[in-house]
Amino acid sequence: MTTSNGNEPRGVAVLRNPWLNRGSVFTEEERDRLGLRGLLPPRVSTFAQQVERLEGVIASCNTALNKYVILEGVHASDEALYFQLVMKNIEEYMPLIYTPTVGEACQKFSHIFRYARGLYVSSEDRGRVRELVANVPNENVDMIVVTDGQRILGLGDLGVNGMGIPIGKLALYTACAGVNPQRVLPVTIDVGTNNEEFLSDPLYMGLRQKRITGPAYDELIAEFIEAVRERWPNVIVQFEDFHNCHAFDLLDYWRDKICCFNDDIQGTASVCVTGFYTAMRAKKEKLSDQRILFLGAGSAATGIAHLLADAMVEEGLTKQEALARIALFDSKGLVSKNRGDNLADNKIPFAHDFENAKTFLEAVRTVKPTAIVGVSAQPKAFDKEVIEAMTELNDRPIIFALSNPTSKAECTAQEAYIFSQGKCLFACGSPFGPVSYNGKTFVPRQGNNSYVFPGIGLGCIFARAKTIPNGIFLTAAKRLAELVSPSDLDNGSLYPPLSAVRDLSAEIAVAVAQYCFDNGLAQVERPDDLGAAIRATMWKPTEEGACF
Ligand code: NAD
């Protein structure tokens, strides 16, 4: 890397630059060439020793939040080291740099803030967002993750403190799929917060005002999107943790205009549909023959339901036939045409002619589903009677208890396997350990969005996708389901091990890029060997520092 005057940075400027710094790993020759001699302890470490040193520091922390703080310190000072740590320990560190620990980090963001990262755009910046974007040091940006902090995980409105989410998500793009960390940008749009605790907290770092909504909100988002696309015309914008009151509208407005997606809606749907495709492999049935009942009718439920309907249409059903195979149960009971309340728009496509069912068990008896999907955050709603009813109806009932955290799960893995006498095909939204039943050990796996969004991002970056239609999320789901091994299937796992995420992401990226080439969405030439070309772009930290 050179500076704007063409010179290679030297001395402290190298050590203070996380893209260049390699701390004690700098060789004798580099220490002389870069003017580092005397600025580091004299003995040169290997990269592995540096990693081991930090692993020890992290292991010695007594809370997950302290581990997060240490990791973010490394992120801010030495990116190669940070990503080596995360990639080497992906299963252990993913819950630290992302959910659940990142949730606590966001709640306390204004109290633990040490290093600035990313871009903050506030409603006071209306009319000058281009100037802010011009201040971003990254020459090129391929991927932006943006939040307005209004619905951070299940924690509600965290205002500007939500920045921890785009930072964590982009770290996963790099760790899981090799998206170049110098070409990503976390963004928080601060339009105020309705969180009274934050508004009265002297250390809170966001605007001290209630949220703005309406045209002023939409215009700020539009100004931001236009400014980033003006500077980086091919940038992908991923909307993250927006409240339902904006998430669907933003997606509907922008999805055909720019390259963008919403991971809470579309990534969740993709990873859930993966579970269905895998379950179809196990049951040797077609998705279009299933009847699916959701517990919950919010953003996750309707996002998944629409993608399932698309998948059924791909198998030959009409849209009407597909929608008729999917039913929702919300806090007022089974969603039906004759329920007599004003249904929200997102529920209307799934309102059918059902008799009223007030309990979920009654709904199961009415709909006779082959699959139930819990996205309601109602703990224990899939009780013994519900699971037994599903087992009476089906040889292999599909039971997905996707709510998280664990305390909100509709049932545990143990309950699902025991109440169904080991017959169910189970996926979860929270981590559950293996379950032994009748001499067989089941290994339940989490429908974690991290299986799909990094590979989707990498594939779209590679192809320079014009837009990201739903077909891309189905493509990713199909590819991921194919990557579930026969031995995983035998163990009841509907997803591959997350430890393989880097290879899985590469495979998903290839399928996604192929989809872009086949559907006129790509803006680059298709290389002869797509797999090799994509893998060659995957960034990885090395002994020599951050490089491809
Ligand atoms: P949401 O607030 O948009 O929707 C919740 C829905 O649950 C609403 O439709 C509500 O009517 C319904 N509900 C509430 N109480 C109910 C009751 N007693 N009986 C029946 N329905 C009831 O929330 P969301 O974003 O859709 O998320 C829902 C859950 O799914 C959360 O726990 C979230 O963590 C989980 N989730 C998991 C994944 C994943 O595993 N990958 C992804 C997204 C969401």
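When reading the values below, keep in mind they use all heavy atoms of this one structure, side chains included, and skip hydrogens, waters and symmetry mates. Counting starts at 1 for both ligands and their atoms, following the listed order.
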Salt-bridge test for D157 and R151: reply yes if a basic N is under 4.0 Å from a carboxylate O, no otherwise. no

Measure across [X] and [Y] and return the closest heavy-atom pair with its distance rounded to 0.1 Å.
{"X": "A377", "Y": "K408", "result": "O-CD, 3.6 Å"}
{"X": "Y204", "Y": "G159", "result": "OH-CA, 3.4 Å"}
{"X": "L483", "Y": "E507", "result": "CD1-CB, 3.6 Å"}

Option passing side-chain contact (heavy atoms from CB on, under 4.5 Å) with Y515 (candidates I468, L521, V510): L521

Name the residues with a heavy atom less than 4.0 Å from ligand 1? R151, N244, T268, L295, G296, A297, G298, S299, A300, F329, D330, S331, V375, S376, A377, Q378, L402, S403, N404, G429, G447, N449

Can you check whether T475's main-chain N or O pairs, donor with acceptor, with K478's side chain at less than 3.5 Å? no

